[in-house]
Protein chains: 2
Amino acid sequence: MARTREFDERQALNAAMLVFWEKGYQATSIQDLEQAMGLRRTSIYNAFGNKRGIFECVLACYKESIMSVLFARLDTAPDIRTGVRRLLEGALDIHFDDKYPGGCLVVLSVLESGQHTAASNDATAQMIHDLRAGLASRLGKAKRLGELPQHVDASSMATAIAGMMAGMMVLGKAHFTRAALNKSVRQVLRLLD
Amino acid sequence: MARTREFDERQALNAAMLVFWEKGYQATSIQDLEQAMGLRRTSIYNAFGNKRGIFECVLACYKESIMSVLFARLDTAPDIRTGVRRLLEGALDIHFDDKYPGGCLVVLSVLESGQHTAASNDATAQMIHDLRAGLASRLGKAKRLGELPQHVDASSMATAIAGMMAGMMVLGKAHFTRAALNKSVRQVLRLLD
DNA sequence: GTAATATTATACCAAATGGTACATATTCAC
DNA sequence: GTGAATATGTACCATTTGGTATAATATTAC
């Protein structure tokens, strides 16, 4: 018994996500968001409360549309080496995809933690910890399946791979070539031999 | 034949560096800088021109006081494994040092490249490329000295180590423990065997 | 001492910031 | 159709932003 929303929330959040991703949190103004989302600020505030609220929804959007795709690449691969390779190359795909601003919103936001609420910081840190945990789990499974030597430490290996993934996003932002980053992926895979 | 400056430029820039490092560029206001540097904005503008000018000097300050110390740890080590270990652990030392805000100003600024001038972006990207180049050079030397197998690709190995270094700063900001990060350093060192 | 020059302090400004009051429009239950 | 409830549009606000005009102050060469 009320007026219906005229915009698609998912689409609007996706547009907002791209702006935060490119400019950073504080450097993104409400005016920027109005233009990108194609909405007046009143509609934005009505839907998301305030700027912090927008960002929290954007983080959830990023988790769904970006992180989960990468996770799937790891989980659905036939073996651990293929899985790790697809995970890291998937991150590179996203970085070099013209649809996105390059780098990673989570990495950016973790570095910009001084700008965010505790809730947002918890969310971003959790996404990284989930990545590490997913890797650790997959590596443990690989050990049980005999895909990896028993002496491999799944936990620290997972941390290293997660770190490498974040680091490659940084190098990408510093204009490292795709070829160079692809080669560094191969170096990481050597750890699994 | 003019009034002398009452503040120490190095000290002032160090204070400004800490603020940019913690809050990010756009999120750092001139008022923040006035308080941290202990100066009125007129003195700041007189010395550095504008906010972008301050930041460019801060980057130079970071390069001198932070990056060069890490480079030295790599260059003065007795062998390549010790050098890489000291480089990565040195980065962790800085991250966990209470004197600093955690993470890395260069990594942050590269991620925030949408906020910076081309000059600043060139400077930060160059610092990362210099790191990689320094590593590649040292790895090449290690090969010639027989410290490393000849099949090691110094170039892609350098990229991977530089990436890992940046990535560990990200993980540190996401509250990974020192113990966990130390273990991931050991994983990276396995690449050199 | 004086002139020239650079630094500092006071006070200020236009523009942009995040956010909101309020009127209007649209939907659905009845 | 009517009323309740939510969405949107217009216009606005206090605060903060980066930056500056100007006057006062200190330094050194002469």
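Computed from a predicted model, the values in this text were never measured in an experiment. First the proteins, then the strands, lettered A, B, ... as listed; each starts at 1.
Placement of A/L18 and A/F96 within a single hydrophobic cluster is found when ILVMFWY residues are connected by side-chain heavy-atom separations under 4.5 Å, directly or transitively.
Checking B/N46 against B/S43 by side-chain atom types alone, no donor-acceptor pair falls below 3.5 Å.
Rounded to a whole Å, the CG atom of A/L39 is 11 Å from the C1' atom of D/dA7. Note: CZ (A/R41) to P (D/dC13) measures 15 Å, nearest angstrom. Atoms CG (A/L33) and C1' (C/dG18) sit 11 Å apart, rounded to a whole Å. Rounded to whole Å, the distance from CD on B/Q115 to C1' on D/dG18 is 15 Å.
Partners of A/E56 under the salt bridge (charged side-chain N to carboxylate O under 4.0 Å, His left out) rule, at least two apart in sequence or in another chain, do not exist in this structure. Every ring-ring contact (aromatic ring centres under 6.0 Å, His included) that A/H116 has, sequence neighbours left out, goes to A/Y25, A/F55.
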Between B/L59 and B/K63, does a side chain to side chain contact (heavy atoms under 4.5 Å, CB included) hold up when you go through it step by step? CA-CA 6 Å; B/L59 281 183; B/K63 185 176 178 179; over 6 Å; no
Verify salt bridge (charged side-chain N to carboxylate O under 4.0 Å, His left out) between B/R81 and B/D79, making sure each step is shown before the conclusion. CA-CA 6 Å; B/R81 284 171 187 80; B/D79 63 278; 5.3 Å; no
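Considering only side-chain N and O atoms, B/Q31 lies nowhere under 4.0 angstrom from the phosphate OP1 or OP2 of D/dT16.
Taking for each of A/R40 and B/D32 the nucleotide of DNA chain D with the nearest heavy atom, the 5'-most of the two is the partner of A/R40.
For DNA chain C, the residues of residues 5-15 of chain B within the heavy-atom distance limit of 4.0 Å (strictly under) are B/R5, B/E6, B/F7, sorted by number. Proximity of residues 16-30 of chain A to DNA chain C (heavy atom under 4.0 angstrom from any strand atom) is restricted to A/T28, A/S29, A/I30. Annotation: proximity of residues 42-57 of chain B to DNA chain C (heavy atom, distance under 4.0 Å) is found for B/T42, B/S43, B/N46, numbered in ascending order.
Taking CD1 from A/I94 and CG from A/L105, the interatomic distance works out to 12.0 Å, rounded to the nearest 0.5 Å. Here the CD atom belonging to B/E22 is positioned 12.5 Å from the CD atom belonging to A/E112, to the nearest 0.5 angstrom.
Taking 3.5 Å as the limit, the base of C/dA25 and the side chain of A/R3 contain a donor-acceptor pair of atoms between them.
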Could you list the donor-acceptor pairs under 3.5 angstrom formed by side chains in residues 183-190 of chain A, with sequence neighbours left out?
unit_1: A/S184; atom_1: OG; unit_2: A/L181; atom_2: O; d: 2.8
unit_1: A/Q187; atom_1: OE1; unit_2: A/R190; atom_2: NH1; d: 2.9
unit_1: A/Q187; atom_1: NE2; unit_2: B/S156; atom_2: OG; d: 2.7
unit_1: A/R190; atom_1: NH2; unit_2: B/L191; atom_2: O; d: 3.1

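Under the 30°/60° scheme for interplanar angles, the aromatic rings of B/H129 and A/F176 are found to lie parallel.
For the pair A/D122 (side chain) and A/A119 (backbone), a donor-acceptor distance under 3.5 Å is absent.
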